[in-house]
Amino acid sequence: MKRITIFIVGLFTALAAQSQEKQLSETILNGERWWAIGNKPVMLNHTNAPDGKFSLLVSSAGRYVWSKNHFTAECNDGKLILGSTENLKTINAGKTLKEAYVTAHYKHINAKVQVSKEIFERPFYVMSVKDSENFTQEDIIKRAEWLIRKGFPNGTIIIDDRWQEFYGSFSFDTQRFPDPGAMVKSLKEKGFDVKLSIVPYITPDSRLIRCEKLNNSIATDPNGNPKIIRWNRGWSGCFDLNNESVQTRINAALDKIKSEYKIDGFRFECIDSEFPELAESWAKIASMSKGNIANQIHNSTESIFEICYDDTDIENIKDFVSRVLSFGFSGKHHFIITPTHNSKSNILNQIRLQTLMPTMQLIVENLEELSAADLTTALELVRYHHSNIPYFESILTAYSQKGDPFIRPLEYEFPRKGFCDCIDQFMIGDKIIIAPLSSDNRSRTVRLPKGVWFDCNNKKIKGPVVLNINFDNNPLPYFRRK
């Protein structure tokens with residue numbers, strides 16, 4: 001008996017030792033910079049994320065670290081310090097950031113992206129209002145008519161998720177939407193597609209959540225009670241999306257709505273932060289029917305990802321660029337840039353940046369706040385976005401074939417030319433440089449690499465050069481390489 005006890009204690013000791021975090025310390029090379037891709041993507045040399053969990057690091061010196069399990073990473077006193085329960089190692093893939101990323105992508109990621117023209121050929125118009133509890137089908141139709149009067153092109157109308165009677169009902173509120181079929185018909189006659197925004201949440205104080213609890217169809221806490229979370233719309237429970245019968249029922253309910261009202265599909269909103277254990281199943285339901293869009297669902301290759309844009313100062317701009325770059329390295333291409341505040345400058349700057357992304361989303365309520373001159377600018381930007389679609393498509397196709405990310409730092413295309421620390425500009429593909437603006441300053445310093453460049457007014461600029469640009473005369477903060 002004593003021998004058995006000793007053996008069991010020894011076994012648990014060995015297992016505990018295996019699960020303990022191991023540390024790897026690597027000397028950072030002279031001038032080397034590291035980009036970290038994970039739940040809190042950052043450029044490590046400039047910003048550490050102590051609670052970040054990463055799956056890939058790539059360096060300007062051609063090195064990378066990859067793991068199928070998340071690990072921690074930070075730069076400290078000239079050292080790259082990694083923490084993991086497994087043995088990590090740095091891989092030498094070449095001498096440049098591009099060589100490191102392409103090698104890591106080929107060996108470990110190798111994502112194949114199906115280019116969905118629907119996502120970027122037509123703009124998304126989000127129909128939401130400040131008093132969204134009371135918006136009606138008439139409000140939706142009037143705003144669609146307003147878009148047409150102002151000259152905006154046809155696109156896809158996304159109706160705010162509060163079209164439902166209550167969360168989880170998957171049925172129109174008949175008081176605010178007395179005839180959804182007539183609404184959809186009217187919008188389609190005007191040239192718009194129509195999609196409904198949805199979440200898998202359930203209004204907590206409802207008969208539905210009690211019934212679903214009896215059916216074991218509700219996500220529960222460790223005590224077996226319905227898990228109630230707070231999000232930006234209040235308090236809610238959630239369907240147990242890992243339950244296959246729930247998946248089947250939700251898909252059937254959505255198919256019924258599509259069939260009955262001729263809806264083109266649904267936009268499945270993000271649940272990663274509230275119910276990460278259910279996100280994969282939510283993405284699975286989204287993929288069950290054509291016409292659905294996943295919004296910020298990390299397990300969906302065709303998901304759209306929102307990035308908040310705060311243009312109040314240059315430090316916020318740098319943070320925005322850092323997140324955009326790391327999303328690009330993660331193989332995510334469809335970005336919706338959301339203004340953090342509704343000042344007119346922030347709205348217009350958001351539209352300027354959105355113009356240069358594959359997916360064009362416009363919040364109609366924000367457009368209505370613009371002056372006549374700014375609205376004219378916004379319309380010109382939407383038209384310019386459409387002219388870039390062939391370029392966007394070529395970049396996404398190249399990603400599937402070669403692994404080059406849609407969004408990349410200047411160091412990726414111009415290695416060892418002094419762009420390692422350029423953290424307030426980024427590139428779209430290999431030809432366009434973006435220089436985001438802050439709201440308090442219409443001019444900024446721009447660094448252009450060697451080559452011939454053209455601004456949005458087709459003015460020729462020869463690089464390498466550092467120059468101060470006044471964007472009062474440049475509606476778009478970008479430069480295209482010849």
Side-chain angles (χ1 to χ4, degrees), residues 33 35 37 41 43 56 58-62 64 93-106 109-113 115 120 320-335 352-359 384-436 446-456 458-467 469 474 476-482:
R33 298 292 182 265
W35 284 263
I37 294 92
M43 187 174 178
L56 174 65
V58 286
S59 115
S60 59
Y64 76 87
K95 296 182 179 180
T96 67
L97 175 62
K98 184 172 185 175
E99 289 171 322
Y101 179 78
V102 170
T103 301
H105 181 275
Y106 176 77
I109 304 172
N110 200 24
K112 299 295 182 184
V113 175
V115 178
F120 57 80
F320 167 78
V321 171
S322 175
R323 285 179 288 124
V324 166
L325 289 174
S326 294
F327 271 126
F329 276 143
S330 302
K332 298 173 176 62
H333 317 286
H334 301 299
F335 298 102
R352 286 187 175 102
L353 287 174
Q354 194 71 68
T355 297
L356 300 163
M357 303 292 174
T359 307
Y384 177 78
H385 172 270
H386 192 269
S387 70
N388 267 333
I389 288 175
Y391 179 60
F392 296 151
E393 188 172 1
S394 69
I395 304 171
L396 295 175
T397 301
Y399 174 78
S400 291
Q401 297 172 347
K402 301 177 182 178
D404 292 316
F406 182 88
I407 291 179
R408 55 196 77 165
L410 274 68
E411 177 68 22
Y412 191 92
E413 290 295 332
F414 302 95
R416 298 186 297 278
K417 302 297 182 183
F419 291 104
C420 267
D421 293 318
C422 185
I423 56 176
D424 59 355
Q425 300 174 198
F426 61 92
M427 295 194 72
I428 304 288
D430 61 353
K431 289 184 170 61
I432 293 179
I433 289 177
I434 310 298
V446 175
R447 299 168 60 188
L448 297 179
K450 183 178 181 180
V452 177
W453 300 85
F454 294 88
D455 67 10
C456 65
N458 212 31
K459 179 183 176 182
K460 183 178 178 180
I461 304 170
K462 188 175 182 180
V465 66
V466 178
L467 64 164
I469 300 291
N474 292 51
L476 275 173
Y478 88 99
F479 301 85
R480 183 186 288 268
R481 180 161 60 164
K482 183 178 179 181

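Only heavy atoms go into these numbers, but all of them, side chains included; no hydrogens, no water, no symmetry mates.
Put simply, the side chain of Val321 does not reach to within 4.5 Å of the side chain of Ile434, judged on heavy atoms. Inter-residue side-chain proximity for Glu413 and Met427 is flagged as met; some heavy-atom pair is nearer than 4.5 Å. Contact annotation: the side chain of Val465 approaches that of Leu448 to within less than 4.5 Å [non-hydrogen atoms, C-beta and beyond]. Considering only heavy atoms from C-beta on, Phe329 stays 4.5 Å or farther from Leu56 through its side chain. Under the 4.5 Å side-chain criterion, counting only non-hydrogen atoms from C-beta, Pro358 is not in contact with Ile395.
Below 30°, between 30° and 60°, or above 60°: for Trp453 and Phe414 the angle between ring planes is between 30° and 60°, a tilted geometry.
For the atom pair CG of Asn388 and CD1 of Ile428, the computed distance is 9.5 Å after rounding to the nearest 0.5 Å. The structure places CZ of Arg447 at 13.0 Å from NZ of Lys417, a figure rounded to the nearest 0.5 Å. The CG atom of Leu396 sits 10.5 Å away from the OH atom of Tyr391 when rounded to the nearest 0.5 Å. Note that OG1 of Thr359 and CD of Gln354 are 7.0 Å apart. Values are rounded to the nearest 0.5 Å. From Arg480, atom CZ reaches atom SG of Cys456 across 11.5 Å, with rounding to the nearest 0.5 Å. Atom CD1 of Ile469 and atom NZ of Lys459 lie 6.5 Å apart (nearest 0.5 Å).
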Step by step, work out the side chain to side chain contact (heavy atoms under 4.5 Å, CB included) result for Asp404 and Lys98. CA-CA 8 Å; Asp404 292 316; Lys98 184 172 185 175; 3.4 Å; yes

Is there a side chain to side chain contact (heavy atoms under 4.5 Å, CB included) between Asp430 and Arg408 once you walk through the steps? CA-CA 8 Å; Asp430 61 353; Arg408 55 196 77 165; 3.8 Å; yes

Trace of the side chain to side chain contact (heavy atoms under 4.5 Å, CB included) decision for Arg416 with Thr96: CA-CA 8 Å; Arg416 298 186 297 278; Thr96 67; 3.2 Å; yes

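Nearest heavy-atom pair across Cys420 and Glu411 is N-OE1, 3.3 Å. The minimum heavy-atom distance linking Gly403 with Tyr101 is given by the pair O-CE2, 3.0 Å. Smallest separation of non-hydrogen atoms from Val446 and Gln425: CA-OE1, 3.4 Å. Considering all non-hydrogen atoms of both residues, Tyr64 and Ala100 come closest at CD2-O, 3.8 Å. Nearest heavy-atom pair across Pro405 and Gly328 is CB-O, 3.4 Å.
Aromatic pair Phe392/His385: ring centres closer than 6.0 Å. In this structure, the ring of Tyr399 has its center no less than 6.0 angstrom from the ring center of Phe406.
A side chain to side chain contact (heavy atoms under 4.5 Å, CB included) with Val58 is found for one member of Thr103, Leu97, Val102 and no other, namely Leu97.
Under the ring pair (Phe, Tyr, Trp, His ring centres under 6.0 Å) criterion, Tyr412 pairs with no residue at all, not counting sequence neighbours. Remark: Tyr384 engages Tyr478 in a ring pair (Phe, Tyr, Trp, His ring centres under 6.0 Å) (not counting sequence neighbours).
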